[in-house]
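One-based numbering, in listed order, for ligands and for the atoms of each.
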Amino acid sequence: MNPVFNQFINIQFPNAISLTIKREDLIHPFVSGNKFRKLKYNLLQAKADNKNTLLTFGGAFSNHIAAVAYAGKEQDFNTIGIIRGDELLDKIEENPTLKFAQENGMKFEFVSREEYRLKSENSFIDKLKEKFGDFYLVPEGGTNELAIKGCEEILTDEDSVFDFVCCAVGTGGTISGLINSSLPNQKILGFPALKGDFLQDEIRIFAKKDNWNLISDYHFGGYGKINLELIEFINTFFEETKVPLDPIYTGKMVFGVIDLIGKNYFPAHSKILLIHTGGLQGIDGMNIKLKQKKLPILTTND
Ligand SMILES: *Cc1c(COP(=O)(O)O)cnc(C)c1O
């Protein structure tokens, strides 16, 4: 793992508010950010259980699928990805995430959206065992107890100076880890990348404190949805700071934090830590979609 560092964001904000970003995206070129944290103890457990195959689930541009494929190869596991959407079967070459996963040895099983919904049911898992033999199951998005244990290592002693810690939320695993290792006087703010009210309950399962809040106004229409304003924000933020953000998670979170600063959400002199959870592998796939829609592309990968 590469060393993670806190980068001060050299932009002047009102009320002497300061932003710092924890560059978890630099942990590893392919297994970046929180997906590395979430897999760490799961892979140790898989080894301890003598499993030689990892099986997991994900969508077409999933950071988690890319991470499992790469980490699996590095640590000598076979990997199987159950992918949502059977129309993708003959589109692997056009999809940078699936292509990357396949090049790293992942085998795919494409399932319809209806079937994909059954993914946590025993009967579905049993069928997969019949087909593929024994495996270590990594849940969709990688969230389980061991993943949260890994995410509890994101914050370190030097982060005790921050008043707010902000992160993007998908399944809620990462924020749960941050909450558990935060100090009682710190506030953890989660920015869901998708619509829906179920996250609150998910986080309560794993989080051991209640110094947190979800801010649900910055999903931009739902998971994977983006608009011109967000693209321009990410490109400008990169020009000003040289920090690349991804369009699915971190871009929406940082947009939200800066918008809230403008709305006086934070008290004067607040020190805010943004968690860069990675996800930059998704930019190429997003740019293909943006070109098809004749929208400007993300210019953050140079
Ligand atoms: C998966 C992911 C998240 C969401 O993490 P959860 O633990 O599922 O909430 C946030 N940011 C990035 C870049 C991710 O890939």
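- Considering backbone and side-chain atoms alike, Tyr249 places every N or O at 3.5 Å or more from each N or O of ligand 1.
- Checked by distance only, ligand 1 and Asn63 come closer than 3.5 Å through their nitrogen or oxygen atoms.
- Checked by distance only, ligand 1 and Gly173 come closer than 3.5 Å through their nitrogen or oxygen atoms.
- Protein heavy atom in closest approach to atom 3 (C) of ligand 1: Asn34 ND2, 3.2 Å.
- In this structure, Gly33 has no heavy atom closer than 4.0 Å to ligand 1.
- At under 3.5 Å, a nitrogen or oxygen of Gly172, whether backbone or side chain, sits near a nitrogen or oxygen of ligand 1.
- At least one donor-acceptor pair under 3.5 Å links the side chain of Asn95 to the backbone N or O of Ala60.
- A donor-acceptor pair under 3.5 Å is absent between the side-chain atoms of Asn235 and the main chain of Glu232, judged by distance alone.
- Gln186 contributes a side-chain N or O that, together with a main-chain N or O of Leu183, makes up a donor-acceptor pair within less than 3.5 Å.
- For the pair Met253 and ligand 1, no heavy-atom separation below 4.0 Å is found.
- For Phe220 and Phe255, the ring centers are positioned less than 6.0 Å apart.
- In terms of N/O distances under 3.5 Å, ligand 1 is approached by Thr171.
- The protein atom (non-hydrogen) at minimum distance from atom 4 (C) of ligand 1 is Gly170 N, 3.4 Å.
- Salt bridge status for Arg113 with Glu87: present, with a side-chain N to carboxylate O gap under 4.0 Å.
- Near Val169, the atoms of ligand 1 lying under 4.0 angstrom from a non-hydrogen atom of the residue are 9 (O).
- At the shortest separation from atom 11 (N) of ligand 1 among protein heavy atoms lies Thr277 OG1, 2.7 Å.
- Ligand-side atoms of ligand 1 in range of Lys38: 5 (O), 6 (P), 7 (O), 8 (O), range being under 4.0 angstrom from any heavy atom.
- Within 6.0 Å of atom NZ in Lys209, more than 12 heavy atoms from other residues, nucleotides or ligands are found, so the atom counts as buried in its surroundings.
- Remark: the Thr20 side chain and the Lys271 side chain contain no N/O donor-acceptor pair separated by less than 3.5 Å.
- For Thr79 (side chain) and Leu54 (main-chain N/O), no donor-acceptor pair under 3.5 Å exists by modelled atom type.
- Between Phe191 and Tyr218, the ring planes are tilted. Angles from 30° to 60° get that label.
- Contacts between His64 and ligand 1, counted as non-hydrogen atom pairs separated by less than 4.0 Å, are absent for every part of the residue.
- Between Lys35 and ligand 1 there is a heavy-atom distance shorter than 4.0 Å.
- Close contacts of ligand 1 with Gly279, meaning ligand atoms under 4.0 Å from a residue heavy atom, involve 13 (C).
- Numbered from 1 in the order shown, with element, the atoms of ligand 1 that lie under 4.0 Å from a heavy atom of Gly278 read 13 (C).
- Between Tyr223 and Tyr249, the two ring planes are perpendicular [angle over 60°; tilted spans 30° to 60°].
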